[in-house]
2 protein chains.
Amino acid sequence: MLYRLVIHESQKQDTLINLFSEQEHYLRRVVRLNNGQNFITMDGKGHCWLVKLTDHGGEILVSLKEIRELLSSVTLRFALTKGKGFYVIIIWPTQFGGKHFKTIISHRTLLKPSENKLERWRKIAKESAEQSERQIVPYIAQPISIFEAFTSMNKMNIPKYIAVARANAPHLLGFLTNLLEFPSQIIIATGCEGGWTTDEFYKAIECNFQPVSLGKRILRAVTAPIMVMSLIAAVAEISNHE
Amino acid sequence: MLYRLVIHESQKQDTLINLFSEQEHYLRRVVRLNNGQNFITMDGKGHCWLVKLTDHGGEILVSLKEIRELLSSVTLRFALTKGKGFYVIIIWPTQFGGKHFKTIISHRTLLKPSENKLERWRKIAKESAEQSERQIVPYIAQPISIFEAFTSMNKMNIPKYIAVARANAPHLLGFLTNLLEFPSQIIIATGCEGGWTTDEFYKAIECNFQPVSLGKRILRAVTAPIMVMSLIAAVAEISNHE
């Protein structure tokens, strides 16, 4: 299996990939590639190339038309959970195919991530995308306040769900399988430890979010996005096969 | 939310729960309960009681009829992955409702877990079951060889699936949603790093396992059981609601 390297789009010039010295070091010392050996390069935005390592960097041999991406663009809006363990929200939903990870600060959010923390999360997203052989690296946006987030999505005419625990909401999977055609965009919000406040919940309803359950068991805040993304990916894939 | 404690069934005598000293210590010092305060006790096999802390241990107030369990009994048969990270196979599938976790040693399995390691995994299962407020703690069985495992399941007349990557198999979700009635038992096998050998794959087919895909992206060995269990739980729950 060929090694996969995510580059910035500015590193591609015609048929050449200008490698940063740490990338070249990694390819030669860790992956143990020599001149003339191949690897895969992707810009994280959907483009992918088979590349040969040379003294001048990477030489593009051919553009690859792999399709490992969901046709549907899934935005996960998750309230920031406690710092530790947050990375699991990134690893698995990335492997399952999520495209946009937007963090929100809710009333019960304790964590205010620094720019360093965001960069660390983006690195995890990049590594998970490489591992799962995706062409797109999900972007982790700067957190915004929950009311701003919900209001900004109010007018969007796409399916919007909000996951709730201990409520008598119908299961997310029921909504997904009842969609006549799988939408090109979908948004789902999951909460932090302690759940949504009543105000937050009603704001979501006001902004046309549909409350959904993820089952009878009580999922941890970091677990909900994992289940959400695995269900959406699976339904999107069987819908698009049909 | 009341604290939940898993006990061994032998600790219950009539209306009394005999607490081990470390359990009592934990309840008083960490959870900070005083005499007269309540907590929930479960035997991990489906029974649950509301219990009051007293000088003599726990006094059962009432038997609880919570139903957070899937009606279907799901057995995950997973090939042991590399040691590190294996715990994620236990945490999330437990929270999603899996009942039996049976590990198998396949050709590419590198890890041979010690009894200590198994105990550690069982502790993680117990904690995850407590957190997700389940009544049943999944049991993690001693690993057995893959051929023995597949052969022992050959004659079982229940749906049996084997997850495969990079093959043209239909998606697991398609099979699950096409079941006329959700089965009371279901088995699914997922592989370790490097996947199944050809021999292992054909042995599974011979033993009536249906090959299934988990989507176009390449999931890590520890990720596959997470997706599998979230899909099965969700389909089981919407089927049983109908």
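Below, chain A is the first sequence line, B the second, and so on; all start at residue 1. This is a predicted model, so every value here is computed, not measured.
Contact tally against chain B (heavy-atom pairs below 4.5 Å) for A/Ser128, A/Gly97, A/Ser132: the top residue is A/Ser132. Between chain B and the options A/Met229, A/Gln131, A/Arg134, heavy-atom pairs under 4.5 Å are most frequent for A/Gln131. No other option in A/Thr177, A/Val88, A/Leu214 has as many heavy-atom pairs under 4.5 Å with chain B as A/Val88.
Checked against salt bridge (Lys or Arg N to Asp or Glu O under 4.0 Å), A/Lys52 has no partners two or more places apart in sequence or in another chain. With sequence neighbours excluded, the residues that form a side-chain hydrogen bond (donor to acceptor under 3.5 Å, both in side chains) with B/Arg4 are B/Glu66.
Of all non-hydrogen atoms in A/Pro138 and A/Gly98, the two that sit nearest each other are CG-O, 3.4 Å.
A/Tyr26 and A/Phe39 have their aromatic ring centers separated by at least 6.0 angstrom.
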